[in-house]
Colleague: 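Structure incoming, see below.
From a predicted model like this one, the values you see are computed outputs, not experimental measurements. Heavy atoms only: backbone and side chains are in, while hydrogens, waters and symmetry mates are out.
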Amino acid sequence: MNENERYEALRHCRYVDEVITDAPWTLTPEFLEKHKIDFVAHDDIPYSSAGSDDVYKHIKEAGMFVPTQRTEGISTSDIITRIVRDYDVYARRNLQRGYTAKELNVSFINEKKYRFQNQVDKMKEKVKNVEEKSKEFVYKVEEKSHDLIQKWEEKSREFIGNFLELFGPDGAWKQMFQERSGRMLQALSPRQSPTSSPTRERSPSPRSPSPTLPWVLNKPSPPLSPKGAASASISSMSEGDEDEK
């Protein structure tokens, strides 16, 4: 910031009523009286100048000095150091925003170098975005695949259960097959007649058969002697006489 910009920054501070421009480094009593200054506020660290170890020594002795406290980490020296350290970053950033190399007091070679670095950074950013998107895509695919695997496991369990119910040892298909095979066997094989069937009673024929005479077989008798033969003839004759009678 140049001097005029710094004046404008002070005027926009709510605690500032008036800004005195072109103020000297060493405040003389004449300057304080001219501008009707009652107190000078500054940090208590001595600031040396030509011929003096502390430019605020006479103000402190007059009782017009008000010390302020410094905030650690905030100082113009630190800001300047950061600017010098990160000069390349600032130059590249402003070139990317549209400033010319002449406005930034950058040489031709440095301009090309900065623009090339900007292109490299853009490529890195694109690669980073692609990696993040790819990670998100892979994560979504993993989630969907996990859901699909769970659904497939559920469907497979259901399928196996239905298969066992239908084709298992005690499944419906086996019972159906047994029933159908039994029906087919009954249809193919005729029924067997009962072993003990009632017999029909025969009606008696009108002509009864003639009674058959029994055959009498006599054993052959041995040959008779002459005496025996005479007696047998006598006995037969006597039987014949009895029949005649």
Colleague: Looking at Glu136 and Lys140, does any basic side-chain N land under 4.0 Å from a carboxylate oxygen?
Modeller: no
Colleague: How long is the span from the CD atom in Glu5 to the CG atom in Leu10, to the nearest 0.5 Å?
Modeller: 12.5 Å
Colleague: Is there a continuous path of hydrophobic side-chain contacts, each under 4.5 Å between heavy atoms, that joins Trp25 to Phe65?
Modeller: yes
Colleague: Find out whether Ile74 and Ile79 are in side-chain contact, i.e. whether some heavy atom of one side chain is under 4.5 Å from a heavy atom of the other.
Modeller: no
Colleague: Would you give the length of the straight line joining atom CG of Asn105 to atom OH of Tyr99, rounded to the nearest 0.5 angstrom?
Modeller: 15.0 Å
Colleague: Step through the shown structure and confirm whether more than 12 heavy atoms of other residues, nucleotides or ligands are within 6.0 Å of CD on Gln69.
Modeller: no
Colleague: Please round to the nearest 0.5 Å and tell me the distance separating atom CD of Glu158 and atom CD of Glu153.
Modeller: 14.0 Å
Colleague: Answer yes if Val16 and Ile37 sit in the same cluster of Ile, Leu, Val, Met, Phe, Trp and Tyr residues linked by side chain heavy atoms under 4.5 Å apart, and no otherwise.
Modeller: no
Colleague: Counting heavy atoms not belonging to Asn129, are there more than 12 under 6.0 Å from its CG?
Modeller: yes
Colleague: When you check the side-chain N and O atoms of Ser75 and Asp78, is any donor under 3.5 Å from an acceptor?
Modeller: yes
Colleague: What are the two closest non-hydrogen atoms of Val106 and Ala91, and how far apart are they?
Modeller: CG2-CB, 4.5 Å
Colleague: Run Glu131 and Lys135 through salt bridge (charged side-chain N to carboxylate O under 4.0 Å, His left out) and show every step you take.
Modeller: CA-CA 6 Å; Glu131 287 180 354; Lys135 287 181 181 179; 5.4 Å; no
Colleague: Evaluate side chain to side chain contact (heavy atoms under 4.5 Å, CB included) for Thr21 paired with Glu3, printing each intermediate quantity in order.
Modeller: CA-CA 9 Å; Thr21 62; Glu3 192 172 3; 5.8 Å; no
Colleague: Got a second to check how far His42's NE2 is from Ile59's CD1, nearest 0.5 Å?
Modeller: 10.0 Å
Colleague: Checking side chain to side chain contact (heavy atoms under 4.5 Å, CB included) for the pair Tyr139/Glu143: CA distance, chi angles, key distance, verdict?
Modeller: CA-CA 6 Å; Tyr139 180 73; Glu143 286 185 347; 2.7 Å; yes
Colleague: Can you measure from NZ (Lys34) to CD1 (Ile20) and round to the nearest 0.5 angstrom?
Modeller: 9.0 Å
Colleague: Would you confirm whether Thr100, through its side chain, and Glu103, through its main-chain N or O, come within 3.5 Å as a donor-acceptor pair?
Modeller: yes
Colleague: Hey, mind stepping through Gln119 and Arg115 against side chain to side chain contact (heavy atoms under 4.5 Å, CB included) and telling me if it holds?
Modeller: CA-CA 6 Å; Gln119 295 296 327; Arg115 293 190 183 280; 5.8 Å; no
Colleague: Hey, what else clusters with Val66 if you join Ile, Leu, Val, Met, Phe, Trp, Tyr whenever side-chain heavy atoms sit under 4.5 Å?
Modeller: Phe39
Colleague: Quickly, which of Gln117, Glu111, Lys112 forms a side-chain contact (heavy atoms from CB on, under 4.5 Å) with Tyr114? Name it, please.
Modeller: Gln117
Colleague: Kindly check if the number of other-residue, nucleotide or ligand heavy atoms within 6.0 Å of CE (Met1) is above 12?
Modeller: yes
Colleague: Nearest 0.5 Å, please: how far is CD in Glu61 from OH in Tyr56?
Modeller: 15.5 Å
Colleague: Can you tell if the side chain of Gln96 reaches within under 4.5 Å of the side chain of Lys122, non-hydrogen atoms only?
Modeller: yes
Colleague: Given Arg11 and Glu8, is the salt bridge (charged side-chain N to carboxylate O under 4.0 Å, His left out) satisfied, shown in steps?
Modeller: CA-CA 5 Å; Arg11 289 190 180 101; Glu8 290 298 323; 3.0 Å; yes
Colleague: List the steps, then state whether salt bridge (charged side-chain N to carboxylate O under 4.0 Å, His left out) holds for Asp44 with Arg70.
Modeller: CA-CA 9 Å; Asp44 199 14; Arg70 295 174 61 88; over 6 Å; no
Colleague: Could you state whether Phe116 and Leu95 fall into the same hydrophobic cluster, counting links through intermediate Ile, Leu, Val, Met, Phe, Trp or Tyr residues with side-chain heavy atoms under 4.5 angstrom apart?
Modeller: no
Colleague: Same cluster or not: are Met64 and Phe31 linked, directly or through other Ile, Leu, Val, Met, Phe, Trp or Tyr residues, by side-chain heavy atoms under 4.5 angstrom apart?
Modeller: yes
Colleague: Tell me every residue that passes salt bridge (Lys or Arg N to Asp or Glu O under 4.0 Å) with Arg82, counting only those two or more places apart in sequence or in another chain.
Modeller: none
Colleague: So does Tyr87 have more than 12 non-hydrogen atoms from other groups sitting under 6.0 Å from OH?
Modeller: yes
Colleague: Any side-chain to backbone donor/acceptor pair from His58 onto Leu27? Under 3.5 Å, distance only.
Modeller: yes
Colleague: Which heavy atom of Val19 sits nearest to which heavy atom of Tyr7, and what is that distance?
Modeller: CG1-CD2, 4.0 Å
Colleague: Show, in sequence, the C-alpha distance, side-chain angles and deciding distance for Asp54 and Tyr47, and conclude whether the side chain to side chain donor-acceptor pair (under 3.5 Å) test is met.
Modeller: CA-CA 5 Å; Asp54 189 0; Tyr47 285 84; over 6 Å; no
